[in-house]
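Comments concern the structure below.
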Protein chains: 2
Amino acid sequence: MEAGKRMDEHETCGHHGHAHDAHGPARTADLVARAERLAQDLGLQFTALRRRTLEVVAEEGRPLGAYDIAERLSVPGKRVAAVSVYRALDFLTEHGLVHRIASRNAFVPCEHGHGAGESAVFLICRSCGSVDETISAEIERSLDRTLAEAGFKPASRIVEIEGECGACQGRSEAG
Amino acid sequence: MEAGKRMDEHETCGHHGHAHDAHGPARTADLVARAERLAQDLGLQFTALRRRTLEVVAEEGRPLGAYDIAERLSVPGKRVAAVSVYRALDFLTEHGLVHRIASRNAFVPCEHGHGAGESAVFLICRSCGSVDETISAEIERSLDRTLAEAGFKPASRIVEIEGECGACQGRSEAG
DNA sequence: GCCCTGCCTGTTACAGTGTAACGCTCGGCG
DNA sequence: CGCCGAGCGTTACACTGTAACAGGCAGGGC
C-alpha cells in the first residue's frame, strides 16, 4: 500500500481542538488537489460537477445529504438534480475523497489521506452534528482478527459511533 | 400460511455451523420468550403486532425491510401498514430484540442475549445476503480506548462489515 | 357502571432517499 | 464524417421514514 508514508498532521485529539474544525477553504483546497492528482494518475475525469460537489461537501463541516448538496449547487435558472449529485458522490466515495455516513444517509469529506479501502471510525455528535474521522490501527487489528476467526472476507467496513463530542460535553456541563 | 411451526427447509449453508444458521423456529421461540420475560419484568406490552413482527424477522435469516415485514404480516383483507411495523420495530430495537442494519435499511433478529447498549459486529455477506452477528470484547476495548482518547462519549455503536461469508467463498471457489 | 387517561394501532398524507431508463452533448478516434 | 464511450440532464418511480389525527382497548378513580 502507498498510504503509509503520510504523517498525520491533525493529531487525533489531545483536547477537543481536533480535526473537525479543520474544514473550510484550506481543507477544501487540499482535497481538490488530491482529487486532481488522483484523476491525472489514473486517467479519470475530475469534472466540474464532481469538483463542485466535493467543494460543497468539504466546506460544510457536517454531513450533507445528496439533496442538500443538489440545492447548494443549484442557482436560479440552473438546477442540479439530486441524481447527478449521486453520480458525482459515487465517484468521490469510490476514490476515497468523501465518505458516506450510513446512519445519516449523508456525506462528509475525507479527513485523511487513506484510500477507499481503509477503514475509518466516524464519531458523530448528536448535539452539534459534527463528524470526526479517526483511524486506529488497534481497532483494525482486532477487527481483522475477528473477521479471520469467522472466516469472513471483508470488502468494506462501516464503523460509526453516535454520542456527544468533547466540545458539547463541556458545553452542556458548564452551561 | 404463516404457521410458526413450519420447519425451515431451506438450509442456507449446510456445513460451517456458526451462529447464522441458528434462525428458524428455535431461535424465534427463544426470542419471543425473552421478549415476554422482558415485558413482564419492565411492565411493558408485548402486543400481538410486536410479537408477529419479531417472529417474521426471526424466521427470515436475512435482513428484512420494514415494508417487506408489513407485506408478510398482511393477509387478504387485513393489511398491515409499514408505519405500524416501524413502531413495532422501534419497540423491538429499543429493547435489543432486533437490530437495525444501517447500511441496508433493514432489520435482523438479535442473535445474542446482550442488551441494547452492547455493541455487536455485523458481518453482511454480499453473495447470500446473510448477516452474522458476533461480539468481540477486544474490539470493544480498542473502540473504547479510541473514544476515550478523543474525549467522545458514545451512545450507540454501529459496526457493519460487508464482504463474503465463509460459505460463499467456498462456493465460489469450488464452483 | 361510567368517565378519564394512556398506550397502541389504523389511516392518510407527505417528506426524504435512491435508482432505472432514456436521450443529449462532448471529446477522442478511425 | 460517423462511431463510441463517459458524463450529465431529465423524467419517472421505488423505497424508506415520519407527522398528524382518529379509533380501540385496558386500567384506575369515582
Side-chain angles (χ1 to χ4, degrees), chain A residues 35-36 38-40 42-54 56-57 62-95 97-108 129 158 160, chain B residues 35-36 38-40 42-57 62-95 97-108 129 158 160 162:
Chain A
E36 278 167 345
L38 186 140
Q40 189 118 28
L42 302 182
L44 305 169
Q45 301 185 42
F46 187 50
T47 64
L49 178 63
R50 290 170 180 179
R51 181 199 194 101
R52 291 194 296 148
T53 300
L54 178 57
V56 165
V57 173
R62 71 189 175 82
L64 270 185
Y67 282 71
D68 295 327
I69 298 171
E71 198 174 333
R72 278 172 176 66
L73 288 179
S74 297
V75 291
K78 186 67 181 173
R79 182 179 146 270
V80 175
V83 61
S84 298
V85 174
Y86 277 111
R87 289 189 285 228
L89 287 170
D90 283 345
F91 174 90
L92 296 172
T93 55
E94 189 151 338
H95 297 98
L97 296 162
V98 313
H99 296 295
R100 177 186 161 80
I101 306 296
S103 60
R104 296 285 178 105
N105 298 323
F107 300 83
V108 293
I158 297 173
E160 297 173 11
Chain B
E36 278 167 346
L38 185 140
Q40 190 118 27
L42 302 181
L44 305 169
Q45 300 184 41
F46 187 50
T47 64
L49 178 62
R50 290 170 179 177
R51 181 199 195 98
R52 290 195 298 147
T53 300
L54 179 57
E55 287 169 350
V56 165
V57 173
R62 72 189 175 82
L64 271 185
Y67 281 72
D68 295 325
I69 299 171
E71 198 174 334
R72 276 170 177 66
L73 288 179
S74 297
V75 292
K78 186 67 181 173
R79 183 179 145 270
V80 175
V83 62
S84 298
V85 174
Y86 276 111
R87 289 189 284 229
L89 287 170
D90 283 345
F91 174 90
L92 296 173
T93 54
E94 190 151 337
H95 298 98
L97 297 162
V98 313
H99 296 295
R100 177 186 159 80
I101 306 296
S103 60
R104 296 285 179 105
N105 298 324
F107 299 83
V108 292
I158 298 172
E160 298 173 9
E162 256 193 56

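Note that the structure is predicted; figures quoted are calculated from it, not measured.
Look at CZ on B/F46: it is 13 Å from P on C/dC8, rounded to the nearest Å. A/L89 has its CG atom 15 Å from the C1' atom of C/dG16, to the nearest Å. In this structure, the CD1 atom of B/I101 is 12 Å from the P atom of D/dG17, given to the nearest Å. C/dC8 atom C1' lies 13 Å from atom CG of B/D90, rounded to whole Å. Rounded to an integer number of Å, the gap from CD of A/E71 to P of C/dT17 is 11 Å.
Here the nucleotide nearest the side chain of A/R87, chosen from C/dA21, C/dG10, D/dG17, is C/dA21. Comparing atom distances between the B/Y86 side chain and each of D/dT10, C/dG18, D/dT16 picks out D/dT16 as nearest. Distance from the side chain of B/Q45 is smallest to C/dC7 among D/dG17, C/dC7, C/dT12.
The side-chain heavy atoms of B/L73 and B/R79, taken from C-beta on, include no pair separated by under 4.5 Å. In this structure, B/F91 and B/T47 have side chains that are not in contact, with every pair of non-hydrogen atoms separated by 4.5 Å or more.
The residue A/R50 sits close only to the backbone: its heavy atoms come under 4.0 Å of sugar-phosphate atoms, none of a base. Here B/V83 lies in heavy-atom contact (under 4.0 Å) with a base. Using a 4.0 Å heavy-atom criterion, one finds that B/T47 contacts the sugar-phosphate atoms exclusively.
Residues A/A106 and B/L44 both approach DNA chain C. Their nearest nucleotides, taken by heavy-atom distance, put B/L44 toward the 5′ side. Each of B/N105 and B/Y67 has a nearest nucleotide on DNA chain C; the 5'-most of these lies closest to B/Y67.
In B/E162, the CD atom is crowded: over 12 heavy atoms of neighbouring residues, nucleotides or ligands sit closer than 6.0 Å.
Here the side chain of B/S74 pairs a donor or acceptor atom with the backbone of B/V80 at under 3.5 angstrom.
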